[in-house]
Amino acid sequence: MGRYELHYGGDRRNNAPAMRRDYNGGLIAFSRYFSFFSSRTCSPESSINNQFRLLCITCDTLTTTHNFSQLLRQCIDERSISGIKTIQAHMLKSGFPAEISGSKLVDASLKCGDIDYARQVFDGMSERHIVTWNSLIAYLIKYRRSKEAVEMYRLMITNNVLPDEYTLSSVFKAFSDLSLEKEAQRSHGLAVILGLEVSNVFVGSALVDMYVKFGKTREAKLVLDRVEEKDVVLITALIVGYSQKGEDTEAVKAFQSMLVEKVQPNEYTYASVLISCGNLKDIGNGKLIHGLMVKSGFESALASQTSLLTMYLRCSLVDDSLRVFKCIEYPNQVSWTSLISGLVQNGREEMALIEFRKMMRDSIKPNSFTLSSALRGCSNLAMFEEGRQIHGIVTKYGFDRDKYAGSGLIDLYGKCGCSDMARLVFDTLSEVDVISLNTMIYSYAQNGFGREALDLFERMINLGLQPNDVTVLSVLLACNNSRLVEEGCELFDSFRKDKIMLTNDHYACMVDLLGRAGRLEEAEMLTTEVINPDLVLWRTLLSACKVHKKVEMAERITRKILEIEPGDEGTLILMSNLYASTGKWNRVIEMKSKMKDMKLKKNPAMSWVEINKETHTFMAGDLFSHPNSEQILENLEELIKKSKDLGYVEDKSCVFQDMEETAKERSLHQHSEKLAIAFAVWRNVGGSIRILKNLRVCVDCHSWIKIVSRVMKREIICRDSKRFHHFRDGSCSCGDYW
DNA sequence: ATAGGGTTAG
């Protein structure tokens, strides 16, 4: 209304009241009136409608084609479907030729975005020009109404209207959308018969894109080769296909031959070929293409920049990627997401979460890609509080039932030791698929809920879903962590029979299962089945030897490992610890000097604890670097005193160095998880204490933490390098088996 | 009067 009033209220520039006096005079006033409207952008619908009504009433005599076209164009500019309807009434009243008015009205309605009205007009037409058919089909596809588009296309053929290059260049997208491969092939045949496949590059690229979407890059390439005059769009469509199907070498080759044929790449081309360079970790070509992109002036195109960013992140060149991101003027949802997920993939979780918060501050909406990446950042570092806040964001944006965000949450809660919460998320998912099931099974597995994991596995089978390699690993891990030895063996046999591809990791898990159960001979037998036994497999067997103190077998395995990997650090440490636990101190000294010669340094034992979203790091034996070390030591001493009252005795077999007994005790008291727990107790924030460790928890710490959980009446959850331990009221969820 | 290609995830 405002604009209407302004208009008649005497706007100085346009002087509308004067025009009102003039327009009885006909055409001159009409066109002046139009130029007035044209100078305005976006009038409210009600206002424009009134203006048109006024116009049409006073201009009944003005019924030439030219003027109706002009009026319709105005409606299109103003997106006024009611204006179109008014004009339609006047066309009818003035006896305007129907075969022309129909086409014009359909065209205008489509451009205003009202496909249903266009269809209504179309259905009332007796003669339809092919352009009208084509426009309708094209707009239906544009608005993702592929089904109706295909129906229109079929109707067109039954009405004996032969599709032309315009029809075909749009309809193929509808076929790929609906996976109508058979019908697509018939229409491809039609394109061949009409000679359009070869002569029209629009038809050609639509065909290439369609075959690409069907996953048939070979077919797409054959079409491309037949097209006479190839252009950017055509070749880019093929590059996209290769890139999305992971045929990255082909994508780069296609890009190179494009340059040879002097076809200029554009932002779309760069956006796709760079993804392939990233997948190939081909930083050479990646940088070369980056250069070309700058030279040809596409360095500031958002999609190309995003791909460039992704490429650098896949190649682990984090600094380069940050430089690219800084150049992006207005990063959108996708570019932020690419940055966040890439940082997580490069182990830069903290930075990823900082960027995520920046994105939120800039009011860029996250999507399920963004959220699952941010969540993965949290779960990698077991950042429970941070993760819970992101759960809040997931809910706020309505992704609670989404399988991607949901799997991220399941993984988070699983990795924070809360399989109950993981299960709650899992049960609200709108769609259960292999990946969300795998994530849930894995969460149960690492928390030692073997039965629950196996129940879910059964459900997966009952749902008719095909387990994949991650499923197999999760299920075996579940058996392994819950001491379900027989179940594990049976499942493994059935997986072998089902011809599921078993990887070294699966074998390593079984070797661990058998080995820890003391069935070392069977475990060793299993390794003979593995075609390319790797370090992990042998090390697993070796650590089982260590648990059961099988020195001879361990020495045999060690020789094998050192053949593959001379001076392997983990092996030497394991052997040294085995000698230490069997009292062979001279062999320990031998191993240590060997390590010293090779300049190997032991990976320091570390623990992390998150208090109020801040992560604190503790290193074994390091009593001074934390700013609150005094309070920590005070609390630790008191905790040890209290736990001794309840029967804690230091387990000196956990000390793998030959030293005096009191020194052994002192070294045990300085284990990183003990420091972390003492710190958490001092800070005294409520709820469970969550500790993250880089190595496995030792027997001494394990029995100490059990007692502390009783003394403090607090749950302590410890995620070590392999699994979870939930300490509650003097016992641990692992059943002392880890 | 009507037509074709792109970037992020478990």
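Naming: A, B, ... by sequence-line order, numbering from 1 per chain.
For the pair Ser170(A) (side chain) and Tyr166(A) (backbone), a donor-acceptor distance under 3.5 Å is present. With Asp411(A) contributing its side chain and Ser407(A) its backbone, the two residues share no donor-acceptor pair below 3.5 Å. Not one N or O on the side chain of Ser304(A) forms a donor-acceptor pair closer than 3.5 Å with the backbone of Ser300(A).
Atom CD in Gln244(A) sits about 12 Å away from atom P in dA9(B), given to the nearest Å. Following rounding to the nearest Å, Ile137(A) (CD1) and dG4(B) (P) show an atom-to-atom distance of 12 Å. Across the protein-nucleic acid pair, Asn279(A) atom CG and dT7(B) atom P stand 11 Å apart, rounded to whole Å. The separation between Leu140(A) atom CG and dT2(B) atom C1' is 13 Å, rounded to whole Å. Straight-line distance from the CE atom of Met152(A) to the P atom of dA3(B): 14 Å, rounded to whole Å. Separating the OH atom of Tyr139(A) from the P atom of dA1(B) is a distance of 14 Å, rounded to the nearest angstrom. Taking atom CG of Asn266(A) as the reference point, atom C1' of dT7(B) lies 14 Å away to the nearest angstrom. Atom-to-atom, CG of Asn134(A) to C1' of dG4(B) comes out at 14 Å; the value is rounded to the nearest Å.
Comment: Glu183(A) engages Arg154(A) in a salt bridge, judged by a side-chain N to carboxylate O separation of less than 4.0 angstrom.
Closest to the Val131(A) side chain, of the nucleotides dA3(B), dG4(B), dA1(B), is dA1(B). In the set dT8(B), dA3(B), dA9(B), dA9(B) carries the atom at the smallest distance from any side-chain atom of Arg376(A). Set against dT7(B), dA9(B), dA3(B), the side chain of Ser170(A) has dA3(B) as its closest nucleotide. Of the candidate nucleotides dA3(B), dT7(B), dT8(B), dT8(B) has the atom nearest to the side chain of Ser338(A). Taking every side-chain heavy atom of Ile435(A) into account, dG10(B) is the closest of dG4(B), dG10(B), dT8(B). Nearest nucleotide to the Ala206(A) side chain, out of dT7(B), dG4(B), dA9(B): dG4(B). Considering only the side chain of Val233(A), dG4(B) comes nearest among dG4(B), dA3(B), dT2(B). Comparing dA1(B), dA3(B), dT8(B) against the side chain of Thr310(A) picks out dT8(B) as the nearest.
Residues Lys230(A) and Val263(A) approach most closely at O-CG2, 4.1 Å, considering heavy atoms.
For the residue pair Ser338(A) / Thr306(A), no side-chain donor-acceptor distance below 3.5 Å is found, with atom types taken as modelled. Checking Tyr444(A) against Arg423(A) by side-chain atom types alone, a donor-acceptor pair falls below 3.5 Å. A donor-acceptor pair shorter than 3.5 Å cannot be found between the side chains of Thr132(A) and His129(A). In the model, Thr428(A) has no side-chain atom that pairs as donor or acceptor with a side-chain atom of Asp400(A) under 3.5 Å. Side-chain contact check for Ser109(A) and Asp114(A): no donor-acceptor pair (N or O, by modelled atom type) lies under 3.5 Å. A donor atom on one side chain and an acceptor atom on the other are found under 3.5 Å apart for Gln74(A) and Glu78(A).
Nucleic acid contact class of Asn200(A) (heavy atoms, under 4.0 Å, all strands): base. At the heavy-atom level, Leu274(A) lies nowhere under 4.0 Å from the strands shown. Within the 4.0 angstrom heavy-atom criterion, no nucleotide atom of any strand lies near Asp107(A). Residue contacts shown for Val201(A) include a base, since a base heavy atom lies under 4.0 Å away. At a threshold of 4.0 angstrom between heavy atoms, the contacts of Ser103(A) include nucleobase atoms, whether or not backbone atoms are also involved. Using a 4.0 Å heavy-atom criterion, one finds that Val212(A) contacts no nucleic acid atom at all. Nucleic acid contact for Ser368(A): base, since at least one base atom lies under 4.0 Å from a heavy atom of the residue. No engagement by Ser272(A) is indicated, since no non-hydrogen atom pair under 4.0 Å with the nucleic acid exists. At a threshold of 4.0 angstrom between heavy atoms, the contacts of Glu267(A) include nucleobase atoms, whether or not backbone atoms are also involved. Across all strands shown, Val334(A) has heavy atoms under 4.0 Å from base atoms, whether or not it also approaches the sugar-phosphate.
Of the residues in residues 389-408 of chain A, those with a non-hydrogen atom less than 4.0 angstrom from any atom of DNA chain B are Lys403(A), Tyr404(A), Ser407(A). DNA chain B is contacted by no residue of residues 251-261 of chain A, taking any non-hydrogen atom closer than 4.0 Å. Of the residues in residues 345-367 of chain A, those with a non-hydrogen atom less than 4.0 angstrom from any atom of DNA chain B are Gln345(A), Asn367(A).
Between Tyr270(A) and Phe298(A), the ring planes lie tilted relative to each other; the angle falls in the 30° to 60° range.
The base of dG4(B) sits with one of its N or O atoms less than 3.5 Å from a complementary donor or acceptor on the side chain of Asp231(A). Within 3.5 Å, a donor on the side chain of Asp433(A) pairs with an acceptor on the base of dG10(B), or the reverse. Contact annotation: side chain of Ser169(A) to base of dG4(B), donor-acceptor pair absent below 3.5 Å. For Thr306(A) against dT7(B), a side-chain N or O and a base N or O form a donor-acceptor pair under 3.5 Å.
Because its NZ or CZ atom is both nearer than 6.0 Å to the ring centre of Tyr117(A) and within 45° of the ring axis, Lys85(A) counts as a cation-pi partner of that residue.
The aromatic ring of Phe202(A) does not sit over the base of dG4(B), since the test of centres under 5.5 Å and planes under 30° is not met.
Ring to ring, Trp133(A) and Tyr153(A) are not that close: their centroids are 6.0 angstrom or more apart.
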